[in-house]
Asker: 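Sharing a structure here in structure tokens format.
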Amino acid sequence: NSVHYEQRTNERLDKIDEQLREKTALIDYLKTGLVTQERRVAILLEELRSQMTAAEGNQEVDLQKVSCHDFLDPLYLSFEDRFRGSREEIRARLTEYLPLVREAGAGTEERKILDIGCGRGEWLELMKDEGLSAMGLDLNHVLVQKCRDQGLTVEENDALSYLRSLPDSSLGAITSFHLIEHLDFDDRVALFDESVRVLKSGGIALFETPNPRNLLVGGCNFWADPTHLRPLYPETHQFLMEYRGFCKVDLLFLHPHEGEQRLPEEEAPQLASRLNEVLSCARDYAIIGYKA
């Protein structure tokens, strides 16, 4: 009886702990949203004042022209915290890329690294700890501010506008993790074009995205993010980067399911092995290209 009582007590405590974490996450979301809305109200008021001054008080203010940030910024931050994984998990995964950028000579003041769609800043934080010179880019104001609060250098801008503002051969590396699946085809091609233009000779471009060869990813997990457009076929995007001017374009398959997540292969090794190939294979892949 005492064992049964202790088990039930532990279950209740676990449930209470889970509820507390959910409530804490909700409070954090509401606080972030409140700060963001206050900032947007200030922007709206300033824009109204500017328009009224320009019109000298004799014309109606065109409210359609008042700029406003995306009201979903705090929501997407909460979504990242729930579905992306912890900062520690993401940092551990991203360490695999450190040798690649170092081998390309990137991360110096003369060959800076630009991380497009930097999100919560795990990769920027990792590079900072490794003594690599890097900056980030993101459209989400809340994520940009969180990165800046951590002492990271981040611009609030979209990828194509920012890249088009840079001179030729001005960067040592361009990295981007789980961004290109958010872009339509024309923007992906333009991103590859601008990337090869702004990289220095020997520079590296690295784009990570979910792997549709993993059926659980392509058929289910990919669609957890409502802002994803479609899974991207690996060889197609390897070809696109080659066609748009990159050389030595490689595919790197990453993050397979391990341990208990894989089907045991003892009883039916051929069937289990085949299923593991399509259900437990790499969940992500990276397209890695170099500028000649």
Asker: Which class fits the ring pair Phe177 and Trp123: parallel under 30°, tilted 30 to 60°, perpendicular over 60°?
Answerer: perpendicular

Asker: For residues 217-235, which residue pairs pass the salt bridge (Lys or Arg N to Asp or Glu O under 4.0 Å) check, not counting sequence neighbours?
Answerer: Arg213-Glu235

Asker: Within a reach of under 6.0 Å around NZ of Lys200, are more than 12 heavy atoms found that belong to other residues, nucleotides or ligands?
Answerer: yes

Asker: Who passes ring pair (Phe, Tyr, Trp, His ring centres under 6.0 Å) against Tyr162, sequence neighbours left out?
Answerer: none

Asker: Report yes or no: does Arg262 contribute a side-chain atom to a donor-acceptor pair with the main-chain N or O of Pro256 at less than 3.5 Å?
Answerer: no

Asker: Taking the six-membered ring for Trp and the single ring otherwise, decide whether the centroids of Tyr243 and Phe192 are under 6.0 Å apart.
Answerer: no

Asker: In Å, rounded to the nearest 0.5 Å, how long is the span from CG of Leu254 to CZ of Arg283?
Answerer: 10.0 Å

Asker: Enumerate the residue pairs fulfilling ring pair (Phe, Tyr, Trp, His ring centres under 6.0 Å) with a member in residues 273-292, sequence neighbours excluded, ordered by first and then second residue.
Answerer: Phe253-Tyr285

Asker: Could you identify which residues cluster with Leu20, counting Ile, Leu, Val, Met, Phe, Trp and Tyr as linked when any side-chain heavy atoms lie under 4.5 Å apart, either directly or through a chain of such contacts?
Answerer: Ile16

Asker: For the pair Ser201 (side chain) and Ala292 (backbone), establish whether a donor and an acceptor sit closer than 3.5 Å, ignoring hydrogens and angles.
Answerer: yes

Asker: Arg148: what forms a salt bridge (Lys or Arg N to Asp or Glu O under 4.0 Å) with it, not counting sequence neighbours?
Answerer: none

Asker: Apply salt bridge (Lys or Arg N to Asp or Glu O under 4.0 Å) to Arg244 and list each qualifying residue two or more places apart in sequence or on a separate chain.
Answerer: Asp193

Asker: Go through the structure and list residues passing side-chain hydrogen bond (donor to acceptor under 3.5 Å, both in side chains) with Thr153, not counting sequence neighbours.
Answerer: none

Asker: Between Lys291 (side chain only) and Val196 (backbone N and O only), is there a donor and an acceptor less than 3.5 Å apart?
Answerer: yes

Asker: Quick one: CD1 on Ile174 to CD1 on Ile204, what's the gap to the nearest 0.5 Å?
Answerer: 11.0 Å

Asker: Distance from Thr95 atom OG1 to Ile90 atom CD1, nearest 0.5 Å?
Answerer: 11.5 Å

Asker: Would a single hydrophobic cluster contain both Leu132 and Leu171, if residues Ile, Leu, Val, Met, Phe, Trp and Tyr are joined by side-chain heavy-atom contacts under 4.5 Å?
Answerer: no

Asker: Could you work out, with side-chain hydrogen bond (donor to acceptor under 3.5 Å, both in side chains) as the rule, every residue matching Glu22, not counting sequence neighbours?
Answerer: none

Asker: To the nearest 0.5 angstrom, please state how far the CE atom of Met127 sits from the CD1 atom of Ile113.
Answerer: 5.0 Å

Asker: Residues two or more places apart in sequence or in another chain: which of them pass salt bridge (Lys or Arg N to Asp or Glu O under 4.0 Å) with Glu11?
Answerer: none

Asker: Can you list the residues that meet the salt bridge (Lys or Arg N to Asp or Glu O under 4.0 Å) rule with Arg87, with sequence neighbours excluded?
Answerer: Glu125

Asker: Considering residues at least two apart in sequence or located in another chain, which fulfil the side-chain hydrogen bond (donor to acceptor under 3.5 Å, both in side chains) criterion with Asp115?
Answerer: Thr175

Asker: Go through the structure and list residues passing ring pair (Phe, Tyr, Trp, His ring centres under 6.0 Å) with His228, not counting sequence neighbours.
Answerer: His182, Phe222

